[in-house]
**Student:** 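Below are the structure tokens for one structure; questions will follow.
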Amino acid sequence: MRDKDLYAQILGIKSPWQVSSVELNELEGEVTVEVARESGSRLCCPTCGKESPGYDSRRRRWRHLDTCQYKTILVADVPRVKCEDHGVVTVSVPWAEPGSGFTLLFEALVIDWLKEASTLAVSRLMKLSWNAIDGIMQRAVVRGLSRREAVCVTQLGVDETAFRKRHDYVTVVSDQAAGTVLHVGNDRTKAGLKDWYDSLSEEQREAIESVSMDMWPAFINATLESIPGAPEKIAFDKFHVAKYLGEAVDKVRRQEHKALMKEGYEDLKGSKYDWLYNPENMTRKQKRRFKALRDSTLKTARAWAIKELAMSLWHYVSKTWAQKGWDQWLSWAVRSRLDPIKEVAKTIKEHLWGILNAIVLKVSNGPAEGINSRIKTIKVRSRGFRNKERFANAIYFHLGGLDLYPEGVVR
Ligand SMILES: [Zn+2]
């Protein structure tokens, strides 16, 4: 008798349910707790709550938290009622969600573990199939997304991240202030991003003050068409501009190095990373060597100086002064006689409006890049994803800032 009370307490079983028996199978290392309804207790339709006549019952099992190392299984005959409006439906039980083979507390424990370890590791730990663990994760995300209140975001970040192969991308929209992922799009098309903007209310779209992004036409056009005042809100991110200029410097270096080697000069040999990294992170010896390179009359040194100047042009407060600074830079870059630099300069000139927005709005994809590196960690941990839905699900689970736990479980 006492073990029944004990289990009723452990499991939080309350009237009209009661623990009717506890069976220990030592060989299997399993405890089976049978729960039954008190006879004569009224039955209600789970949809409308109306008292309804019983129809039949179904035997169901739920995995619960282990007790003293024993796998613990809850068993109950769950009645079905015949509701006037909803037909034959299974009544809800207080310890589990409809359709789940796990109790609420067990699901919560799995969610806790999934935050720390891969689906595979958790499935081994819990001695459950990979699919069962993945199901708990998926349900947690559905729960979290449905609970997410109408978000009011002022600073959006739109970025892309590679899914599996190099040219297969997903779009990640983030709330830069909260550092959470709001949306994972299946591709990186204009239509995809537009669909998401369309899912927002008019107030939500109007509340958006900045959208930080790369100079990617699909993202630009979707935003221009969907967000009121977008020409003042689209901000081209500093890190992406730096990346393009860095690639241009590297191209200049490669071309020049090749030409020099032909003549028998090794000035640029082994200097690739010197031009890419921040001199502040160099050792004294590296610094000395790099200073000599930088001060040389090499084309690479000129390209590098042009890039460095561009990177110093992000501190302005006034748009007018920023415009003047960049105009000067553009005229230098265009006259540099360095084709890779001229090419990036052309792109920058076309997109200067959004670069100026980024400067005065003081936004960048820094937070989105942080999210990107966490997505990479998720990918490494899971050793790749079989499909994009799973990938998106994991991103929402870890980075969505969602309330993932079943109803009534406090964490
Ligand atoms: Zn009903």
Side-chain angles (χ1 to χ4, degrees), residues 148-161 169-185 187-245 310-311 313-327 329-330 344 346-372 399-401:
R148 185 150 73 183
E149 287 159 38
V151 279
C152 179
V153 188
T154 54
Q155 299 188 339
L156 276 188
V158 181
D159 219 327
E160 57 185 31
T161 190
Y169 290 92
V170 299
T171 301
V172 176
V173 182
S174 57
D175 175 345
Q176 295 201 316
T180 55
V181 171
L182 296 170
H183 169 68
V184 183
D187 47 31
R188 50 168 181 171
T189 62
K190 177 183 159 189
L193 183 57
K194 244 181 101 70
D195 280 350
W196 183 73
Y197 283 138
D198 287 346
S199 74
L200 303 176
S201 70
E202 212 180 311
E203 292 80 49
Q204 283 174 312
R205 283 198 295 271
E206 265 163 19
I208 293 167
E209 291 166 6
S210 65
V211 187
S212 185
M213 61 173 79
D214 184 11
M215 298 177 275
W216 174 246
F219 294 164
I220 298 170
N221 293 329
T223 307
L224 282 173
E225 284 177 26
S226 308
I227 303 299
E232 305 291 314
K233 295 176 179 175
I234 292 175
F236 298 124
D237 156 62
K238 181 180 177 177
F239 296 97
H240 283 103
V241 174
K243 198 180 111 204
Y244 295 128
L245 283 167
M311 289 304 99
L313 295 176
W314 295 80
H315 64 277
Y316 291 100
V317 181
S318 120
K319 208 175 217 175
T320 318
W321 284 103
Q323 173 96 47
K324 279 184 186 161
W326 279 92
D327 283 346
W329 179 86
L330 279 168
V344 181
K346 199 175 148 230
T347 310
I348 288 179
K349 192 173 181 182
E350 280 162 17
H351 295 84
L352 192 58
W353 58 279
I355 290 176
L356 298 177
N357 285 343
I359 290 170
V360 294
L361 292 166
K362 299 274 170 254
V363 291
S364 79
N365 269 19
E369 292 297 320
I371 284 173
N372 254 343
L399 303 170

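Note that the structure is a prediction, hence the values are computed from the model and not measured.
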**Student:** Main chain of Pro231, side chain of Trp353: is a donor-acceptor contact present, judged purely on distance under 3.5 Å?
**Tutor:** no

**Student:** Are Ser212 and Asn365 linked by a side-chain donor-acceptor pair shorter than 3.5 Å?
**Tutor:**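 Judged by distance alone, the side chains do pair up.
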
**Student:** Got Val172 and Leu399 here, is their nearest side-chain heavy-atom distance under 4.5 Å?
**Tutor:**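 Result no, sub-4.5 Å side-chain heavy-atom pair not found.
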
**Student:** Could you tell me if the side chain of Trp216 sits less than 4.5 Å from the side chain of Val158, heavy atoms only?
**Tutor:** no

**Student:** Is Leu352 close to Trp329 at the side-chain level, that is, under 4.5 Å between some pair of heavy atoms?
**Tutor:**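 No, side chains not in contact.
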
**Student:** When you look at NZ of Lys346, are more than 12 heavy atoms from neighbouring residues, nucleotides or ligands closer to it than 6.0 Å?
**Tutor:** no

**Student:** Would you please test Lys319 and Asn357 for side chain to side chain contact (heavy atoms under 4.5 Å, CB included) and show each step?
**Tutor:** CA-CA 8 Å; Lys319 208 175 217 175; Asn357 285 343; 3.0 Å; yes

**Student:** Quick one: do Tyr197 and Val211 satisfy side chain to side chain contact (heavy atoms under 4.5 Å, CB included)? Show the steps, please.
**Tutor:** CA-CA 12 Å; Tyr197 283 138; Val211 187; 3.7 Å; yes

**Student:** Does any part of the side chain of Leu156, heavy atoms only, come nearer than 4.5 Å to the side chain of Leu182, both counted from C-beta?
**Tutor:**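 In contact.
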
**Student:** Nearest 0.5 Å, please: how far is CG in Leu330 from CD1 in Ile348?
**Tutor:**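 Nearest 0.5 Å value for the CD1-CG distance: 7.0 Å.
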
**Student:** So which atom in Trp314 and which in Asp237 form the shortest heavy-atom distance, rounded to 0.1 Å?
**Tutor:** CH2-C, 4.2 Å

**Student:** Side-chain contact test, heavy atoms from C-beta onward, threshold under 4.5 Å: evaluate it for Met311 versus Lys238 and give yes or no.
**Tutor:**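 Met311 reaches Lys238 side chain to side chain.
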
**Student:** Would you compute the distance between atom CD of Glu203 and atom SG of Cys152 and round it to the nearest 0.5 angstrom?
**Tutor:**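 Those atoms lie 10.0 Å apart.
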
**Student:** Hey, what do you get for CD1 (Ile234) to CG (Leu224), rounding to the nearest 0.5 Å?
**Tutor:**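 Taking CD1 in Ile234 and CG in Leu224, the distance rounds to 4.0 Å.
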
**Student:** Going from CD on Glu350 to OG1 on Thr347, what distance comes out if it is rounded to the nearest 0.5 angstrom?
**Tutor:**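 Here the rounded value is 6.0 Å.
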
**Student:** Can you see which heavy atom on Ala322 is nearest to which on Leu356, and at what distance?
**Tutor:** CB-CD2, 3.7 Å

**Student:** Which atom names give the shortest non-hydrogen contact between Tyr316 and Gly325, and what distance separates them?
**Tutor:** OH-CA, 3.6 Å

**Student:** Once you round to the nearest 0.5 Å, how far does CD1 of Ile227 lie from CG of Leu193?
**Tutor:** 8.0 Å

**Student:** For Val363 versus Ala235, what's the shortest heavy-atom pair and its separation?
**Tutor:** CG2-CB, 3.5 Å

**Student:** Of the non-hydrogen atoms in Glu209 and Lys233, which two are nearest, and what is the gap between them?
**Tutor:** O-CG, 3.2 Å

**Student:** Trp321 and Ile359: side chain to side chain contact (heavy atoms under 4.5 Å, CB included), yes or no, with the steps?
**Tutor:** CA-CA 11 Å; Trp321 284 103; Ile359 290 170; over 6 Å; no

**Student:** If I compare all heavy atoms of Ser226 with all of Arg205, which pair ends up nearest, and what's the gap?
**Tutor:** O-CD, 3.2 Å

**Student:** Taking the side chain from Thr171 and the backbone from Asp187, do they hold a donor-acceptor pair closer than 3.5 Å?
**Tutor:**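 Yes.
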
**Student:** Report the C-alpha distance between Val241 and Met215 in whole Å, list the side-chain angles of each, state the deciding distance to 0.1 Å, and finish with yes or no for side chain to side chain contact (heavy atoms under 4.5 Å, CB included).
**Tutor:** CA-CA 8 Å; Val241 174; Met215 298 177 275; 4.1 Å; yes

**Student:** About how many Å separate CG of Leu361 and CD of Glu232, when rounded to the nearest 0.5 Å?
**Tutor:**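 Between Glu232 CD and Leu361 CG, I get 8.5 Å after rounding to 0.5 Å.
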
